Structure formats: structure tokens, C-alpha cells
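Accompanying notes for the structure given below.
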Amino acid sequence: MGITIHYKGQLNNPMLCNSVIDELKDISEIMNWEYSIMDKDWGKPLTAELLYYENRVEISGHLPLKGILINLHPGCEALSIMFDK
């Protein structure tokens with residue numbers, strides 16, 4: 001049995017988005033956590049769709065998000081901090 005935590009919030013200033021991502025990237029590097037950064041164009045429209053395969057799902061198209069996915073532990077889901085415009 002696991003625990004899932006859902007959260008929601010917003011930045012007071014969207015220009016702070018990159019600063020938040022950079023700070024989380026620095027923390028991840030210090031802690032030796034694997035991470036990946038998503039930096040898509042907020043100006044392009046959402047065209048993403050889910051593609052279903054036999055044993056996996058993929059996202060195809062444009063997903064206008066910026067953020068970071070951090071793998072804190074191999075037995076846990078990634079911590080996802082994402083921002084839309």
C-alpha cells in the first residue's frame with residue numbers, strides 16, 4: 001500500500017518559474033537525485049494526446065508545460081512540479 005499526495009498552487013509571478021526549476025535542479029544535484037526538465041513553449045497551443053499501446057502509454061503532440069520531474073527513490077513515483085501559463 002502506498003501514499004499519494006496531490007497538491008496545487010500557483011506562482012505570484014510566472015517569471016519565477018525558471019527560478020523555481022533551477023532551485024529544484026540544484027537540490028536534486030546535491031542529493032544525487034535523477035531529474036529531467038520540461039521546458040516547452042507556452043505560446044503554442046495544446047495538441048497533446050495519449051497513445052495507448054499494449055503495455056505502455058505515450059504522449060504525442062505539444063504539451064505546453066515547464067517544470068521538473070525528480071526521482072527521489074527507485075521505489076517511488078517521480079515528484080512532478082509543473083507549470084502552465
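Computed from a predicted structure; not experimentally measured.
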Which atom pairs, one a donor and one an acceptor, fall under 3.5 Å between side chains of residues 8-30 and the rest of the protein, sequence neighbours left out?
{"from": "Asn13", "atom 1": "OD1", "to": "Met15", "atom 2": "N", "distance (Å)": "2.8"}
{"from": "Ser28", "atom 1": "OG", "to": "Leu24", "atom 2": "O", "distance (Å)": "2.8"}
{"from": "Glu29", "atom 1": "OE2", "to": "Tyr35", "atom 2": "OH", "distance (Å)": "2.6"}

**OP:** Mind jotting down which residue pairs meet the salt bridge (charged side-chain N to carboxylate O under 4.0 Å, His left out) criterion with at least one end in residues 74-85? Sequence neighbours excluded, please.
**Re:**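 Not a single pair qualifies under salt bridge (charged side-chain N to carboxylate O under 4.0 Å, His left out).
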**OP:** May I have all residue pairs that pass salt bridge (charged side-chain N to carboxylate O under 4.0 Å, His left out) and include part of residues 64-76, sequence neighbours excluded?
**Re:**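 Qualifying pairs, neighbours excluded: Asp39-Lys66.
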Original post:
Under 4.5 Å between side-chain heavy atoms, hopping through other hydrophobics if needed: is there a path connecting Leu46 to Phe83?
Top reply: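 Each belongs to a different hydrophobic cluster.
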Original post:
With side chains defined as the heavy atoms from C-beta onward, is the minimum distance between Met38 and Leu65 less than 4.5 Å?
Top reply: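 Yes - at least one pair of side-chain heavy atoms lies under 4.5 Å apart.
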**OP:** Answer whether the closest heavy-atom distance between the side chains of Leu69 and Met82 falls below 4.5 Å.
**Re:**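 In short, these two side chains touch, coming nearer than 4.5 Å.
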**OP:** First locate atom CE of Met31, then atom CD1 of Ile70, and finally report the distance between them rounded to the nearest 0.5 Å.
**Re:**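 Those atoms lie 10.5 Å apart.
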Subject >> Nearest-0.5 Å distance, CG of residue Leu79 to CD1 of residue Ile5 >> reply: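 One finds 9.5 Å between CG of Leu79 and CD1 of Ile5.
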N/O donor to acceptor pairs below 3.5 angstrom from side-chain atoms of residues 49-63, sequence neighbours left out:
{"from": "Arg56", "atom 1": "NE", "to": "Glu58", "atom 2": "OE2", "distance (Å)": "3.1"}
{"from": "Arg56", "atom 1": "NH2", "to": "Glu58", "atom 2": "OE2", "distance (Å)": "2.9"}
{"from": "His62", "atom 1": "NE2", "to": "Asp41", "atom 2": "O", "distance (Å)": "2.9"}

